[in-house]
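The block underneath contains the structure these notes are about, expressed in structure tokens.
Quick note on labels: first sequence line is chain A, next is B, and so on, each numbered from 1.
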2 protein chains.
Amino acid sequence: MTLKNQQETASASTCPMLQFIDLIAGKWAIPILYRLIVMDRPVRFGELQRAVGTITQKELTRQLRAFEQRGLVRRTVYAEVPPRVEYQITALGSTLQQPLQQLAGWMERYGDQLNRSAS
Amino acid sequence: MTLKNQQETASASTCPMLQFIDLIAGKWAIPILYRLIVMDRPVRFGELQRAVGTITQKELTRQLRAFEQRGLVRRTVYAEVPPRVEYQITALGSTLQQPLQQLAGWMERYGDQLNRSAS
DNA sequence: CTGAATCCCTGTTGATACTG
DNA sequence: CAGTATCAACAGGGATTCAG
């Protein structure tokens with residue numbers, strides 16, 4: 001399916017794009033997935049938090065749980081002291097690498113042309 | 001730049017992905033741009049609202065103004081009665097077609113594998 | 001001490017009007 | 001028709017508290 005040739009035919013609810021939105025909408029979904037894909041190994045909560053940047057614990061927890069439920073991230077809890085929880089991108093989650101890379105590529109090529117006055 | 005070979009080196013603030021987030025974060029940015037790219041002609045406010053789906057007037061107005069400021073959308077006001085305002089994707093905005101199509105493509109290929117229990 | 005849940009606050013987004 | 005105003009709901013940040 002191409003973007004053209006859809007015109008008025010495709011209603012909003014049938015558009016796959018809108019399914020995608022629920023996944024990546026929000027401030028932190030993409031950065032988290034991005035880091036997990038790049039790291040590509042089990043990562044502890046604290047390490048991931050530092051890697052992502054300034055995200056709060058609450059928000060990171062919420063997002064990771066959402067990804068886990070959707071099968072994009074695997075969560076492993078170790079019954080240790082101190083407690084250790086590791087997160088790793090799944091095979092399904094890794095397939096997001098290409099699309100996300102395209103987004104980053106667009107920003108590199110055209111980001112300079114964006115008027116930033118609005119920010 | 002590839003996603004690999006960055007590892008821990010790229011801080012969150014230097015990542016072009018995070019610049020992109022400000023553009024497309026939120027529930028409606030991508031659907032709106034998507035429709036404008038698909039239509040690829042001047043579109044009236046009401047028509048665009050119907051095309052996007054269930055978006056409210058307030059939100060559509062806000063997003064369109066933001067896109068206009070960034071140079072992704074051109075807004076033309078006609079001093080008529082009834083008032084007519086037309087929106088059209090710019091050349092810069094159209095360059096988003098490929099990345100957005102990638103996102104739609106991913107959803108088509110892998111969307112079925114997502115656990116939807118969370119929604 | 002790490003991961004996470006809870007309370008409180010703020011800014012954004014949604015719903016439903018109403019105005020030019 | 002296009003946009004605004006008002007109010008309600010939610011997302012997200014900061015700090016604190018809790019469990020293991």
For B:Arg44, side chain to side chain donor-acceptor pair (under 3.5 Å) partners two or more places apart = none

Could you tell me how far apart [X] ([atom1]) and [N] ([atom2]) are, to the nearest whole angstrom?
X       : N      : atom1 : atom2 : value
B:Leu64 : D:dT4  : CG    : C1'   : 15 Å
B:Leu60 : C:dT13 : CG    : C1'   : 14 Å
B:Leu48 : D:dG3  : CG    : C1'   : 14 Å

task = Mind checking A:Tyr78 for me? I need base, sugar-phosphate or nothing, with any heavy atom below 4.0 Å counting as a touch.
result = nothing

key: With sequence neighbours excluded, residues passing side-chain contact (heavy atoms from CB on, under 4.5 Å) with A:Lys27   = none

request  = Only counting residues at least two apart or in another chain, list the ones meeting side-chain contact (heavy atoms from CB on, under 4.5 Å) with A:Arg75.
outcome  = A:Arg65, A:Glu68, A:Val77, A:Val85, A:Tyr87

query = Taking 4.0 angstrom as the limit, do A:Glu47 and A:Arg35 come out as a salt bridge?
reply = no

Check whether any side-chain nitrogen or oxygen of [X] sits under 4.0 Å from OP1 or OP2 of [N], and answer yes or no.
X       : N     : answer
B:Arg84 : D:dA2 : no
B:Arg50 : D:dA2 : no
A:Tyr87 : C:dT2 : no

message = Just to verify, what does A:Trp106 make a ring-ring contact (aromatic ring centres under 6.0 Å, His included) with, not counting sequence neighbours?
response = A:Tyr110, B:Phe20

remark   = Under a 4.0 Å heavy-atom criterion, the protein footprint on nucleotides 8-20 of chain D, written with B, S and -, is ---SBBB-----B

message = Once salt bridge (Lys or Arg N to Asp or Glu O under 4.0 Å) is applied, do any residues pair with B:Glu86, and if so which ones, sequence neighbours excluded?
response = B:Arg84

